[in-house]
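Everything below concerns the one structure shown next.
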Amino acid sequence: MHRNIPFGASLAVAAILVAGCGGSKQADPPAGQAVDTPAASAARAPDVSAERLMAHVRALSSDEFAGRLPGTVGEEKTVAYLTEQFKAMGLKPGNPDGSYVQKVPLVGIDGTATMQLSADGEAIEMQRGRDFTAVTQRFVPEVEVEDSELVFVGYGVKAPEYGWDDYKDVDVTGKTIVMLINDPAVPDADDPSVLDDAMFRGKAMTYYGRWTYKYEVAAQVGAAAALIIHETGPAGYPWAVVENSWTGEQFALAAADKNMGTVPVQAWISNDKAMALFGKLGQNFEALKRAAVRKDFKPVPLKAKASFAIRNEVREVQSQNVVAALPGTEKPDEWVVYSAHWDHLGTNPDLEGDKIYNGALDNATGVAGVLEIARAFKQAPPKRSTLFMLVTAEEQGLLGAKHYAANPLYPLDKTLAMINLDVLNPWGPTRDLQVIGSGQNTLEDVLTDVLADGERVVAPDEEPEKGFYYRSDQFEFAKVGVPALYADAGGDMISHEKGHGLKKRLEYNANDYHKPSDEVKGDWNLAGAAQDMNALAEVGLRVSNGDAWPQWKDGSEFKAVREASLKR
């Protein structure tokens, strides 16, 4: 679902082709971190309220909003609610055309898939949802793949900057490629008990580990289908998340070529069924995984075949990003963006019991955070303009943010920073605030200073192996060079033992993430979320009122993209 370009060193070249950075050109911004003008922000201490946050969360996650799926009555109610909130604050329409929305043309694809799998001539029963999911991004009534040979391609990665190619020029045209999730976990040659930090950032996931990348490369190599083996640890979520997220209507950005350049079938297979497959073939799955973390790995043909049939109902959907603007007092043509996604998964009539994915934590909390920061900013506007953007179709592959990045309402070369809110802290105040994808840019340094003023600290990404920086809307801004900050709940809670915050997040991922049970809980305490929103609001104020622009740090894959875009 992400832009189909190689990552790493070649991203800077690809970014030159990215449209939408229009507007007047300017000299490079001053180097170094964005610094605060103390007098400018001293009178603007943000005032985010836990009570107001909770009121927004309860409203947006109520059954009335039907799970906030794009293209449904849930979208209509959500867009109306958000627009009214911005109007009531006195914020201006964020679209230069005078409206509070940016149209995002989508295509909805509601597919019913079957899969037949045989190992060494023996059929393996495959039940949709329980054993596999399969969709197509092509805007066609049906897709069929018949008796496609299976080839295990390790992690399915082509990374020239690491000297890595899992395909080794093996022709997989028309075949079903089977691959592991995440990126290669390469052991350190001197100490095999740890990972080599020089390869794919060691423990931290790179974009090569995301399923979006794997499907993009599958299309490049001409595969008929791409089948990802699910494992809870490397994926970062249980199989139920795959089942819930990849069944029902899927969305893609409208495309003139009807997405015919995408791999015909995008599929997942459960770990249990993958083990059954390899077992029937006499293959040692653990041995194959060990082989796949070596540069000399070569694709392994499997004596197995797969057939897929997907029948689609296709419709055009005009979805919407909701946008409001606060003009700057001194530099109104320069922008800071706050963003959160308003969408979730809608309803599933096939579920027993509760059929609504209310999406309280994900992401009614983030939307509430943007609304509260907007209210706080309106009381005393900063020097630069602020765009408050609530985007659509994040759950479908960051589509609303991707559309904005390709069709910005305001020039990207005059956008200093983007601060994204996705799943706030509902478990109480913390002594820290976690930065996802830590070490990327100087916005993290600004946050460090802000937190220090309140005797708090920045915590590094607690789960870098899950690649959360590539899984929310800030990634689409980072890809086009805009420094982007994504902070998550801290783990050092004031009223609980250390590590309680991480424990609660893991429980949420296991029990509620992308499930109908993601509802407001009785033990929620949004004082921690309010505390974090005040800090992130202050970051935006310091950037907006400061003299220097935020910068990507040395070693960030996005640094060259920004430098290239500002020199045009």
Heavy-atom distance under 4.5 Å between the side chains of Asn284 and Phe278, does that happen here?
no
List the atom of Ile269, the atom of Ala274, and the distance in Å for their closest heavy-atom pair.
CD1-N, 3.8 Å
Counting C-beta onward and ignoring hydrogens, is there a side-chain heavy-atom pair between Val265 and Met115 closer than 4.5 Å?
no
Tell me, do Gln396 and Gln250 make a side-chain contact under 4.5 Å, heavy atoms counted?
yes
Determine whether Leu150 and Leu277 satisfy the following criterion, side chain to side chain contact (heavy atoms under 4.5 Å, CB included), listing intermediate values before the conclusion.
CA-CA 11 Å; Leu150 268 63; Leu277 168 65; 3.9 Å; yes
Considering all heavy atoms of both residues, which atom of Asn182 and which atom of Pro234 are nearest to each other, and what is their separation?
ND2-O, 2.9 Å
One should read off an interatomic distance between Phe558 CZ and Gln551 CD, to the nearest 0.5 angstrom, of 15.5 Å
Quick one: are Tyr404 and Gln102 in side-chain contact, heavy atoms under 4.5 Å?
yes
Test of ring centre spacing under 6.0 Å for Phe200 and Tyr162:
yes
Has the side chain of Lys355 got a donor or acceptor atom that lies under 3.5 Å from a matching backbone atom of Leu351?
yes
Specify whether Tyr513 and Tyr237 have parallel, tilted or perpendicular ring planes, treating 30° as the upper limit for parallel and 60° as the lower limit for perpendicular.
tilted
Looking at residues at least two apart in the chain, or sitting in another chain, which of them share a salt bridge (charged side-chain N to carboxylate O under 4.0 Å, His left out) with Lys553?
Asp445
Those residues that, when tested against Asp166, pass side-chain hydrogen bond (donor to acceptor under 3.5 Å, both in side chains) (two or more places apart):
Trp164
Under 3.5 Å, is there a donor-acceptor pair linking the side chains of His341 and Asn420?
no
Would you check if Ser339 and Met418 make a side-chain contact, meaning some heavy-atom pair closer than 4.5 Å?
yes
I'd like to check the side-chain hydrogen bond (donor to acceptor under 3.5 Å, both in side chains) partners of Thr247; sequence neighbours left out, ordered by chain and number.
none
Can you tell whether the side chains of Arg311 and Glu144 come within less than 4.0 Å, N to carboxylate O?
yes
For Pro238 and Ala510 the tightest heavy-atom approach is CG-O, 4.3 Å
Can you name the salt bridge (charged side-chain N to carboxylate O under 4.0 Å, His left out) partners of Glu507, sequence neighbours left out?
Lys504
Are the side chain of Gln474 and the backbone N or O of Tyr469 linked by a donor-acceptor pair below 3.5 Å?
yes
N/O donor-acceptor pair under 3.5 Å between Asn363 side chain and Gly366 backbone
yes
Roughly how far, to the nearest 0.5 Å, is the CG atom of Asp488 from the CG atom of Leu421?
10.5 Å
Side chains of Glu231 and Leu180: does their closest heavy-atom pair fall under 4.5 Å?
yes
Is it the case that the side chains of Tyr508 and Asp518 hold a donor-acceptor pair, with the cut-off being a distance below 3.5 Å and no angle test?
yes
Donor-acceptor contact below 3.5 Å, side chain Glu75 vs main chain Gly71:
yes
Can Leu409 and Met389 be said to form a side chain to side chain contact (heavy atoms under 4.5 Å, CB included), step by step?
CA-CA 11 Å; Leu409 299 176; Met389 181 167 63; over 6 Å; no
Say whether, by atom type as modelled, one donor and one acceptor occur between the side chain of Tyr357 and the main chain of Leu69 under 3.5 angstrom.
no
OG1 of Thr415 to CZ of Arg562: how many Å apart, nearest 0.5 Å?
7.0 Å
Between Leu399 and Leu253, which heavy-atom pair has the shortest distance, and what is it?
O-CD2, 3.7 Å
Show the numbers, then the answer: is there a side chain to side chain contact (heavy atoms under 4.5 Å, CB included) between Glu395 and Asp362?
CA-CA 10 Å; Glu395 302 289 8; Asp362 181 18; 3.1 Å; yes
Could you tell me whether the side chains of Asp171 and Thr173 share a donor-acceptor contact shorter than 3.5 Å?
yes
Strictly by modelled atom types, are Glu444 and Ser438 linked by a side-chain donor-acceptor pair under 3.5 Å?
no
Looking at Lys158 and Asp165, is any side-chain nitrogen of the basic one under 4.0 Å from a carboxylate oxygen of the acidic one?
yes
Using 0.5 Å steps for rounding, measure from the OH atom of Tyr470 to the OG1 atom of Thr206.
6.0 Å
Counting C-beta onward and ignoring hydrogens, is there a side-chain heavy-atom pair between Thr442 and Pro550 closer than 4.5 Å?
yes
Heavy atoms of other groups near Gln318 CD, more than 12 under 6.0 Å
yes
When rounded to the nearest 0.5 Å, the distance separating CG of Leu502 from CD of Glu462 is 4.5 Å
Enclosure of Asp169 CG (heavy-atom neighbours >12, cutoff 6.0 Å)
no
Can you tell me if Gln116 has over 12 outside heavy atoms packed within less than 6.0 Å of its CD?
no
Heavy-atom donor-acceptor pair, Asn358 side chain to Ala360 backbone, under 3.5 Å:
no
Side-chain touch Asn312/Thr136, heavy atoms, less than 4.5 angstrom
yes
Backbone of Leu536 reached by a side-chain donor or acceptor of Tyr338 within 3.5 Å:
yes
All side chain to side chain contact (heavy atoms under 4.5 Å, CB included) counterparts of Pro299, not counting sequence neighbours:
Val151, Val153, Lys168, Val170
Pairs flagged by ring pair (Phe, Tyr, Trp, His ring centres under 6.0 Å) wherever residues 293-315 is involved - sequence neighbours left out:
Phe152-Phe297
For Pro70 and Leu106, which heavy atoms make the closest approach, and how far apart are they?
CB-CD1, 4.2 Å
Go through the steps to decide whether Ser556 and Gln440 satisfy the test side-chain hydrogen bond (donor to acceptor under 3.5 Å, both in side chains), and finish with yes or no.
CA-CA 6 Å; Ser556 171; Gln440 284 280 10; 2.6 Å; yes
Start with the C-alpha gap between Trp268 and Ile181, add the side-chain angles, then the distance that decides, and say whether side chain to side chain contact (heavy atoms under 4.5 Å, CB included) holds.
CA-CA 10 Å; Trp268 290 75; Ile181 192 59; 3.9 Å; yes
Ignoring hydrogens and angles, tell me if any N or O in the side chain of His514 forms a donor-acceptor pair with the backbone of Ala240 under 3.5 Å.
no
Take a 6.0 Å sphere around CZ of Arg315 and say whether it holds more than 12 heavy atoms from other residues, nucleotides or ligands.
yes
Taking the six-membered ring for Trp and the full ring for Phe, Tyr or His, determine whether the centres of Tyr207 and Phe475 are under 6.0 Å apart.
yes
Can you tell me if Glu463 uses its side chain to pair, donor with acceptor, with the backbone of Ile436 under 3.5 Å?
no
So CH2 of Trp239 and OG1 of Thr232: to nearest 0.5 Å the spacing works out to 10.0 Å
Main-chain N/O of Ala560 paired with Trp552 side-chain donor or acceptor, under 3.5 Å
no
Looking only at heavy atoms, which two atoms of Pro187 and Val293 are closest? And how far apart?
CD-CG2, 4.0 Å
